There are 2 protein chains.
Amino acid sequence: MHDDGPTGRERDQVTIKDLSAELDLSITTISRALNGYSDVSAKTRERVQQAARDMGYTPNRNAQRLVTQKSHSIGWIKGDGSQHFVDPHFVEVFAGVLREVKNYDYDVVFASGDEKEIIPLYERYVKDQSVDGFILELPQPNDARIDYLLDADIPFVVHGREARSDKYAWVDIDNFGLFETLTTVLIGAGHKHIAFINGDEHYSFAVERRRGAQAALEKMNLAPDSLTIYNAVHPMVHAGFQLTQKALEDPTITAIIYSSAVMAVEGQAAIEGSSRTIGEDLEIATMDDELRHVDVSHLEDKISFVRAPLNDSGHALVRQLMQRIQNKGAPSGELIPGRIKLRPNLPAHLVPDCFEVEQAK
Amino acid sequence: MHDDGPTGRERDQVTIKDLSAELDLSITTISRALNGYSDVSAKTRERVQQAARDMGYTPNRNAQRLVTQKSHSIGWIKGDGSQHFVDPHFVEVFAGVLREVKNYDYDVVFASGDEKEIIPLYERYVKDQSVDGFILELPQPNDARIDYLLDADIPFVVHGREARSDKYAWVDIDNFGLFETLTTVLIGAGHKHIAFINGDEHYSFAVERRRGAQAALEKMNLAPDSLTIYNAVHPMVHAGFQLTQKALEDPTITAIIYSSAVMAVEGQAAIEGSSRTIGEDLEIATMDDELRHVDVSHLEDKISFVRAPLNDSGHALVRQLMQRIQNKGAPSGELIPGRIKLRPNLPAHLVPDCFEVEQAK
DNA sequence: TTCTTTTTCCAAAACGTTTTGGTAGATTAT
DNA sequence: ATAATCTACCAAAACGTTTTGGAAAAAGAA
């Protein structure tokens with residue numbers, strides 16, 4: 001029966017005071033030398049930097065945060081009940097964000113909460129000084145989070161758009177443009193009956209994609225019923241297979257557009273089980289989400305792709321948010337540029353200039 | 001041409017000093033009242049709490065962190081090049097972690113880095129006092145991260161196990177036991193030729209599952225070739241479909257075990273396209289990962305499941321890490337208990353006691 | 001009553017930085 | 001030679017908490 005001994009894990013950090021003692025300089029000078037101020041001589045600065053390295057000095061972030069009144073962190077808070085949580089797109093954007101924040105020496109603090117807790121969480125993290133600003137995603141019409149953040153004048157950036165997106169900074173991929181272009185190209189190649197296998201239109205990005213495809217019809221003077229829409233409903237594993245089977249029951253269909261690479265890969269199995277052959281009597285085009293667990297390389301030569309790298313979205317989100325945090329200029333939106341890769345015989349001249357286009361020969 | 005005006009975003013937080021002035025009490029008393037010390041009268045405590053609410057006081061985390069020398073944050077650092085990043089299991093565990101940390105009033109800071117940056121990142125985050133401990137996952141044999149963290153005596157917990165897992169705290173699901181049990185039950189029901197559609201054995205969890213299934217053979221006195229192993233290779237979308245087709249080419253197969261619900265759902269399509277019928281001349285059992293984007297409800301009555309909730313893993317990870325941070329006891333491992341749901345005619349008595357078993361009638 | 005104990009409060013130090021407002025000395029200008 | 005400027009440094013205050021070591025007042029014990 002004895003008392004808790006020492007834990008043995010007291011790491012004693014080397015502080016600016018240790019450097020000061022070691023070098024016989026004031027802590028002011030140490031601080032200013034390390035932070036690149038001009039009122040310290042080159043020789044002294046060199047000495048300080050050397051000693052800092054030698055002694056393994058790392059400034060205490062919490063002291064910095066306290067005195068500068070900046071957390072050097074951004075917050076990302078998700079509703080924990082949401083289906084969205086597991087969306088693989090999220091992970092890709094997340095990866096892009098994590099990579100980009102390092103360029104600003106920022107950290108990311110992540111939290112989840114019940115739908116009703118979200119706004120109090122935003123409030124707390126800011127009052128806390130845990131966080132300088134927020135990333136949010138999947139904005140909904142009249143999103144209460146956006147109401148709050150705008151009203152409280154807290155820096156934030158949104159992945160996606162809704163009605164008042166001119167009021168805040170956002171980043172989005174050009175869902176409308178991507179699918180308008182893809183559809184236009186297929187129509188330009190002579191297809192008059194096209195299937196569009198889309199995601200769940202509960203999500204606004206799916207709605208945008210469908211609208212883009214339909215806009216192409218109008219532009220190319222085709223009747224609305226030239227495009228048949230098939231919507232996957234969440235949860236949607238294997239929807240691509242089933243919807244493709246359904247689409248192929250219509251013999252007039254000569255082309256299929258997929259809204260995601262997963263569905264395209266699944267669809268391929270259904271096509272192989274049918275009498276059709278990709279690239280011969282069936283033209284396939286798809287959005288390639290570039291998710292790491294979906295390999296489309298075996299299809300590269302047989303089908304066409306539009307792409308809009310989600311990692312770039314993550315990078316852009318961070319850049320936009322940093323502008324907001326530093327209060328630079330008016331909030332602006334950023335559309336991630338798309339790329340398109342076309343099969344040989346498709347009409348590349350129909351692709352607008354804002355796209356980077358590549359064509360296999 | 002004018003100077004930058006005021007930014008207009010200076011939020012002036014209410015501090016403990018404001019409360020002190022308002023209530024005419026020392027800041028010591030305010031602090032102690034709010035932190036539940038016993039040397040403050042009930043009446044005063046009440047007054048303080050009321051005023052704190054009224055004035056919207058939230059303690060500044062960075063000041064707290066500085067003075068207590070605790071960050072009240074845990075770190076999670078991932079290699080950003082890894083395929084693993086997108087693993088949907090990660091997201092579920094992550095969600096569990098996020099939910100549990102709130103019970104400890106902790107935050108999660110997340111970072112990614114190049115494989116070579118990881119260890120320096122661990123080092124920085126600790127010296128920084130950004131973080132009190134770490135969660136890591138997918139440990140590899142002789143994992144350098146674990147070497148470092150053990151050596152530096154930094155609190156951490158691992159999701160998964162490797163050779164020296166007796167030296168640190170870990171949480172894992174009982175992959176071996178889950179699949180040993182599932183296989184035992186099928187053998188006990190009389191199946192003599194079983195297909196096991198497993199994940200990529202590059203991952204140790206997949207190896208464990210295969211070993212568990214094979215252990216069942218031995219226990220039940222069946223020859224090793226009674227179990228045919230099919231391995232999906234990453235990236236594995238649609239592998240369940242293809243591997244099932246392949247398995248069904250063997251007419252002696254009377255049961256299939258799937259290593260994931262996604263593959264089971266995909267496999268179902270292949271079975272429907274064959275001459276077999278689930279539950280009649282083909283017995284199906286699967287791991288249900290309980291991922292939010294995979295719906296197995298339509299299969300509930302037709303096949304058997306083992307489950308080991310990933311959210312629970314997240315909760316356990318946090319609990320274990322908190323023990324380490326508070327330096328309580330020796331590091332211990334925690335096996336997440338499994339559950340099993342059996343179809344009517346399967347022999348439930350073969351399930352070991354550590355499982356929670358349910359049987360449809 | 002007087003002494004002791006308990007209750008309730010507080011002043012001051014500490015955590016590790018950054019920033020403000022200097023000053024002493026060297027250099028340049030007059 | 002004197003004044004003005006520039007260079008290189010520093011003491012002290014500040015950021016907002018928690019904690020330490022009391023001390024005054026109230027209650028209880030003798």
Side-chain angles (χ1 to χ4, degrees), chain A residues 10-49 51-52 55-73 105 124-130 132, chain B residues 10-49 51-52 55-73 105 124-130 132:
Chain A
E10 282 85 36
R11 265 171 288 281
D12 24 30
Q13 303 303 345
V14 6
T15 75
I16 210 170
K17 273 184 201 150
D18 299 322
L19 284 181
S20 165
E22 175 73 18
L23 297 173
D24 204 34
L25 285 168
S26 75
I27 63 170
T28 304
T29 302
I30 308 284
S31 173
R32 296 180 78 82
L34 259 17
N35 290 314
Y37 281 75
S38 62
D39 63 352
V40 30
S41 72
K43 196 178 59 183
T44 305
R45 188 190 309 279
E46 189 54 51
R47 276 214 310 148
V48 172
Q49 288 170 337
M55 301 173 65
Y57 170 71
T58 309
N60 183 310
R61 278 247 161 170
N62 299 316
Q64 290 181 319
R65 293 194 245 246
L66 178 59
V67 69
T68 61
Q69 303 279 77
K70 284 247 172 251
S71 68
H72 268 239
S73 299
D105 194 29
R124 173 173 93 62
Y125 274 108
V126 165
K127 290 178 91 170
D128 248 357
Q129 302 217 9
S130 287
D132 297 336
Chain B
E10 284 83 37
R11 263 171 290 281
D12 26 29
Q13 304 302 346
V14 6
T15 75
I16 211 171
K17 273 183 201 151
D18 298 323
L19 284 180
S20 165
E22 175 73 18
L23 296 172
D24 204 34
L25 286 167
S26 75
I27 62 171
T28 304
T29 303
I30 309 284
S31 173
R32 297 181 77 83
L34 258 18
N35 290 315
Y37 281 75
S38 61
D39 64 352
V40 30
S41 72
K43 195 177 60 182
T44 304
R45 189 191 308 280
E46 189 53 52
R47 276 212 312 147
V48 172
Q49 287 170 337
M55 301 173 65
Y57 170 70
T58 309
N60 183 311
R61 278 247 161 170
N62 300 315
Q64 290 180 319
R65 293 195 244 246
L66 179 58
V67 69
T68 61
Q69 303 279 75
K70 284 247 172 250
S71 67
H72 266 239
S73 299
D105 194 28
R124 172 173 95 60
Y125 274 107
V126 165
K127 289 178 89 170
D128 248 357
Q129 303 217 8
S130 287
D132 297 335

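If you're wondering where the values come from, they're calculated on a predicted model, not measured in any experiment. Order of the sequence lines sets the chain letters (A, B, ...), proteins ahead of strands, with each chain counted from 1.
- Of the candidate nucleotides dA14(D), dC10(C), dG16(D), dC10(C) has the atom nearest to the side chain of Thr28(B).
- The interatomic distance linking Leu66(A) (CG) with dC15(D) (P) rounds to 9 Å, in whole Å.
- Using a 4.0 Å heavy-atom distance criterion, Arg61(A) is classed as making no nucleic acid contact.
- Once rounded to the nearest 0.5 Å, the distance linking CZ of Arg65(B) with CG of Asn60(A) reads 10.5 Å.
- Closest to the Ala63(A) side chain, of the nucleotides dT17(D), dT18(C), dG16(C), is dG16(C).
- When the nucleotides dT19(C), dT18(C), dC15(D) are ranked by their closest atom to the side chain of Asn35(A), dT18(C) comes out on top.
- Distance CZ (Arg32(B)) to C1' (dT17(D)): 13 Å, rounded to an integer number of Å.
- In this structure, Leu23(A) places its CG atom 11 Å from P of dC9(D), rounding to the nearest Å.
- Straight-line distance from the NZ atom of Lys43(B) to the C1' atom of dA25(D): 14 Å, rounded to whole Å.
- Counting non-hydrogen atoms under 4.0 angstrom, Thr44(B) reaches the backbone sugars and phosphates but no base.
- Atoms CG (Asp18(A)) and P (dT17(C)) sit 9 Å apart, rounded to a whole Å.
- One interatomic measurement links the two molecules: NZ of Lys17(B) to C1' of dA14(D), which rounds to 8 Å at whole-angstrom precision.
- The nucleotide whose nearest atom lies closest to any side-chain atom of Thr68(A) is, among dC15(C), dT20(C), dT18(C), dT18(C).
- Proximity of Tyr37(A) to the phosphate of dT19(C): a side-chain N or O atom is located under 4.0 Å from OP1 or OP2.
- At a cut-off of 3.5 Å, with distance as the only test, no side-chain donor of Ser31(B) or Thr28(B) sits close to an acceptor on the other residue.
- One can place NZ of Lys70(B) at 12 Å from P of dT19(D), the figure rounded to the nearest angstrom.
- Ranking dT17(C), dG16(D), dC10(D) by closeness to the Gln69(A) side chain, first place goes to dG16(D).
- Between the side chains of Ser38(B) and Arg32(B), no donor-acceptor pair of N or O atoms lies under 3.5 Å.
- When each of Ile27(A) and Ala42(A) is assigned the nucleotide of DNA chain D bearing its nearest heavy atom, the one mapping closer to the 5' terminus is Ala42(A).
- Among dA8(D), dT17(D), dC15(C), the nucleotide with an atom closest to any side-chain atom of Ile16(B) is dT17(D).
- The closest side-chain donor-acceptor pair between Asp132(B) and Ser71(B) falls under 3.5 angstrom.
- Both Ser38(B) and Val14(A) sit near DNA chain C, but only Ser38(B) has its closest nucleotide nearer the 5' end.
- Salt-bridge formation is detected for the pair Arg61(A)/Asp105(A): a Lys NZ or Arg NE/NH1/NH2 atom is positioned less than 4.0 Å from an Asp or Glu carboxylate oxygen.
- Residue Arg65(B) is classed as having no contact, given no heavy-atom separation below 4.0 Å to the nucleic acid.
- Using a 4.0 Å heavy-atom distance criterion, Ser31(B) is classed as a base contact.
- Note on Leu25(A): only backbone sugar-phosphate atoms sit closer than 4.0 angstrom, heavy atoms only; bases stay farther off.
- The side chain of Thr29(B) approaches dC10(C) more closely than any other nucleotide in the set dG16(D), dC10(C), dT19(D).
- With rounding to whole Å, Leu19(A) atom CG is found 15 Å from dT18(C) atom C1'.
- Residue Asp39(B) is in base contact, counting any heavy-atom pair closer than 4.0 Å across all strands shown.
- When all heavy atoms are compared, the tightest approach of Asp18(A) to Thr15(A) is OD2-N, 2.8 Å.
- The side chain of Gln64(B) sits closest to dT18(D) out of dG16(D), dT18(D), dT17(C).
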